[in-house]
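Below: the structure, in structure tokens.
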Amino acid sequence: MAVTEPAPVELPPAHEGILRRQALRESAARTYARSLPIVPVRARGMTIEGADGRRYLDCLSGAGTLALGHNHPVVLEAVRKVIDSGAPLHVLDLATPVKDAFTTELFSTLPREFADNARIQFCGPAGTDAVEAAFKLVRAATGRSELLAFTGAYHGMTAGALAASGGATDVRVTRLPFPRRYRCPFGAGGERGADIAARWTEYLLDDPKSGVPEPAAMILEPVQGEGGVNPAPDGWMRRMREITRERSIALIADEVQTGVGRTGTFWAVEHSGIVPDVMVLSKAIGGSLPLAVIVYRSELDLWQPGAHAGTFRGNQLAMAAGAATLAYVREHRLAERAGTLGARMLAALQALSADHPSIGDVRGRGLMIGIELVDPEAGPPTVTAENGSAPPPDPALATAVQQECLRRGLIVELGGRHGAVVRLLPPLTLTDEQATAVVDRLADALRAAERSPYRRAAAGPTR
């Protein structure tokens with residue numbers, strides 16, 4: 001498919017004014033607005049229309065929230081039905097028909113062995129709230145306070161969740177190596193690197209002089225998203241399940257971004273066949289509206305009434321939208337579709353590397369894809385990869401690619417340790433034609449960025 005670049009449009013005063021007032025009024029902590037200076041006014045499916053009249057293919061999807069894309073008819077119908085019914089929109093944690101329908105649909109999608117002996121806790125509106133609830137749950141159930149987490153992890157921005165994330169400092173969380181095929185921390189990669197990582201984990205837990213206290217839980221992402229789209233090897237996932245089970249350590253699977261069909265199975269833990277003790281769920285389960293829950297083994301349900309609460313844990317509109325989304329993904333087999341189409345996109349992007357040495361690695365699972373950009377001329381390799389040397393990452397080039405994508409009507413995100421991974425999170429309703437357009441526009445943007453005299457400019461913050 002030929003790439004057609006949208007014609008330049010002069011920004012109308014209203015568009016410029018909104019962006020200017022945002023910059024003046026909002027905090028310095030704002031993130032996406034810095035790298036995506038657009039003003040969305042309409043959206044449908046994968047397409048966003050800005051106030052300047054330009055249209056964009058959205059491969060960010062609310063950071064993975066929009067499983068069905070923007071304003072999907074089944075989501076809108078579910079929300080309207082609740083509003084028109086006169087049902088209360090705020091109910092704290094009281095039982096309602098809407099909540100019952102959501103819980104029933106959610107449990108029907110979970111691995112049977114897990115769902116048959118599970119409890120659910122509705123948390124605050126964001127995934128980080130659910131992470132905090134999971135930590136509180138396992139600490140109350142085990143009487144222990146220490147946690148195991150992984151390098152490159154991202155679990156949210158509240159204090160406890162951030163402490164378990166990869167950029168934390170001065171915290172009481174034991175950091176374990178997450179296996180990576182590219183830039184393996186042990187210089188091995190593949191099954192060998194994953195085996196070393198697992199052996200190191202066992203060693204730390206069993207060595208009485210390791211300085212690692214007996215932990216309450218291990219938290220992991222089946223695919224690290226913010227960490228650079230690093231899928232956990234299935235065999236390694238099974239090893240982590242064995243290690244934690246044998247030592248009575250609760251295993252928490254953070255499926256906030258990987259859940260609801262994103263990786264090619266309904267829940268990413270299904271690739272490895274493991275059954276965790278706790279699953280942390282948010283983003284897509286709310287059908288684009290704020291909703292977060294934890295689902296966990298009933299044996300852990302030892303906390304007292306009020307041990308974890310929140311005013312906005314009964315969002316009726318989000319539950320209705322979420323139930324409709326879960327049912328649609330299940331009935332239309334969108335998880336399988338994500339696996340098939342994602343593999344096709346991965347192959348097309350990997351083929352680009354033959355003509356682009358700046359593509360260090362293409363990886364992902366389903367419609368969760370990352371392209372790590374490198375500078376092959378910037379000195380010696382920093383780490384040995386499974387298949388050879390790994391040139392230094394090139395965050396400046398990644399930033400340039402993101403901006404060139406935006407000029408071509410494509411919204412992408414950056415991630416990874418150095419912000420050098422271009423991330424794709426399209427909706428599961430992505431068509432074949434849209435998938436081709438995404439690859440074509442990205443390839444064209446990469447060519448333009450490689451020619452750009454600004455590619456060596458220092459990249460600003462993107463998150």
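We number each residue from 1, following the sequence as shown. Everything numeric in this text was worked out from a predicted model, so none of it was measured.
A donor-acceptor pair under 3.5 Å is absent between the side-chain atoms of His72 and the main chain of Leu68, judged by distance alone. With hydrogens and angles ignored, the 3.5 Å screen pairs no side-chain donor or acceptor of Arg180 with any backbone N or O of Pro185. Looking only at distances, no side-chain donor or acceptor of Glu336 sits under 3.5 Å from a matching main-chain atom of Gly264. Checked by atom type and distance alone, the side chain of Arg34 pairs as donor or acceptor with a backbone atom of Arg30 at under 3.5 Å. For Ser353 (side chain) and His356 (main-chain N/O), no donor-acceptor pair under 3.5 Å exists by modelled atom type. Checked by atom type and distance alone, the side chain of Gln224 pairs as donor or acceptor with a backbone atom of Thr151 at under 3.5 Å. Looking at Arg408, its side chain never comes within 3.5 Å of a backbone N or O of Arg441 through a donor-acceptor pair. Side-chain atoms of Thr436 come within 3.5 Å of backbone atoms of Asp432 as a donor-acceptor pair (strictly under, hydrogens ignored). Under a 3.5 Å cut-off, the side chain of Glu255 and the backbone N or O of Val269 do form a donor-acceptor pair. Judged by distance alone, with hydrogens and angles left aside, the side-chain atoms of Thr103 form no donor-acceptor pair with the main-chain N or O of Asp100 at under 3.5 Å.
Atom CG of Asp58 sits about 9.0 Å away from atom CG of Leu410, to the nearest 0.5 Å. In this structure, CD1 in Ile411 is found 10.0 Å from CD in Gln402, a value given to the nearest 0.5 Å. Atom-to-atom distance recorded for Leu367:CG and Ser61:OG is 9.0 Å, nearest 0.5 angstrom. Put simply, CG on Leu148 and CE on Met240 are 10.0 Å apart, with the number rounded to the nearest 0.5 Å. The line from CZ of Arg112 to CZ of Phe107 is 9.0 Å long, rounded to the nearest 0.5 Å. Here CG of Leu424 is found 6.5 Å from CG of Leu349. Values are rounded to the nearest 0.5 Å.
Salt-bridge formation is detected for the pair Arg423/Glu226: a Lys NZ or Arg NE/NH1/NH2 atom is positioned less than 4.0 Å from an Asp or Glu carboxylate oxygen.
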>> Please determine whether side-chain contact (heavy atoms from CB on, under 4.5 Å) holds for the pair Arg54 and Glu49, giving the CA-CA distance in whole Å, both sets of side-chain angles, and the decisive distance to 0.1 Å.
In response: CA-CA 6 Å; Arg54 295 188 62 182; Glu49 182 178 337; over 6 Å; no
>> side-chain hydrogen bond (donor to acceptor under 3.5 Å, both in side chains), that's the test. Do Arg241 and Thr244 meet it? Break it down for me.
In response: CA-CA 5 Å; Arg241 177 65 284 190; Thr244 52; 3.2 Å; yes
> For Val295 and Val278, what are the C-alpha separation, side-chain angles and deciding distance, and is it a side-chain contact (heavy atoms from CB on, under 4.5 Å)?
Replying inline: CA-CA 6 Å; Val295 184; Val278 185; over 6 Å; no
>> Using side-chain hydrogen bond (donor to acceptor under 3.5 Å, both in side chains), reason through Thr263 and His271 one step at a time and then give a plain yes or no.
In response: CA-CA 9 Å; Thr263 68; His271 289 291; 3.0 Å; yes
>> Let's go through Phe178 and Trp236 carefully: what are the C-alpha distance in whole Å and the side-chain angles of both, what is the deciding distance for ring pair (Phe, Tyr, Trp, His ring centres under 6.0 Å) to 0.1 Å, and is it a yes or a no?
In response: CA-CA 10 Å; Phe178 191 89; Trp236 177 84; 5.3 Å; yes
>> Applying salt bridge (charged side-chain N to carboxylate O under 4.0 Å, His left out) to Arg330 and Glu105, what does each step give before you reach the verdict?
In response: CA-CA 10 Å; Arg330 174 178 54 79; Glu105 181 61 43; 2.8 Å; yes
>> Pair Arg313, Asp129 - check salt bridge (charged side-chain N to carboxylate O under 4.0 Å, His left out), show working.
In response: CA-CA 10 Å; Arg313 53 191 159 138; Asp129 302 307; over 6 Å; no
> So Arg80 and Glu77, salt bridge (charged side-chain N to carboxylate O under 4.0 Å, His left out) or not? Walk me through it.
Replying inline: CA-CA 5 Å; Arg80 289 193 189 103; Glu77 180 183 0; over 6 Å; no
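Side-chain contact between Phe135 and Ile219: present, with at least one pair of heavy atoms (C-beta onward) separated by less than 4.5 Å. When side chains are defined from C-beta on, Cys405 counts as touching Val412, because their heavy atoms get closer than 4.5 Å.
None of Ile294, Ile120, Val293 except one satisfies the side-chain contact (heavy atoms from CB on, under 4.5 Å) rule with Leu281; the exception is Val293.
Pairs passing the side-chain hydrogen bond (donor to acceptor under 3.5 Å, both in side chains) check and including a residue from residues 281-291, sequence neighbours excluded, do not occur. Each salt bridge (Lys or Arg N to Asp or Glu O under 4.0 Å) pair with one or both residues in residues 348-367, not counting sequence neighbours, appears once here: Arg181-Asp361, Asp234-Arg365, Asp361-Arg363, Arg363-Glu372.
Heavy-atom contacts from other residues, nucleotides or ligands closer than 6.0 Å to CZ of Phe312 number 12 or fewer. Atom CD of Glu113 is surrounded by 12 or fewer heavy atoms from other residues, nucleotides or ligands within 6.0 Å. Within a 6.0 Å sphere centred on CZ of Arg238, heavy atoms belonging to other residues, nucleotides or ligands number more than 12. By the neighbour-count criterion of 12 heavy atoms within 6.0 Å, atom CZ of Arg25 is sparsely surrounded, having that number or fewer from other residues, nucleotides or ligands.
In summary, the side chains of Thr109 and Trp267 do present a donor paired with an acceptor at a separation below 3.5 Å, with no hydrogens or angles considered. Side-chain contact, Glu221 with Thr258: no donor N or O sits under 3.5 Å from an acceptor N or O.
Using cut-offs of 30° and 60° on the angle between ring planes, the pair Phe122 and Phe102 is tilted.
Heavy-atom minimum distance, Ala398 versus Ala420: CB-CA, 3.7 Å.
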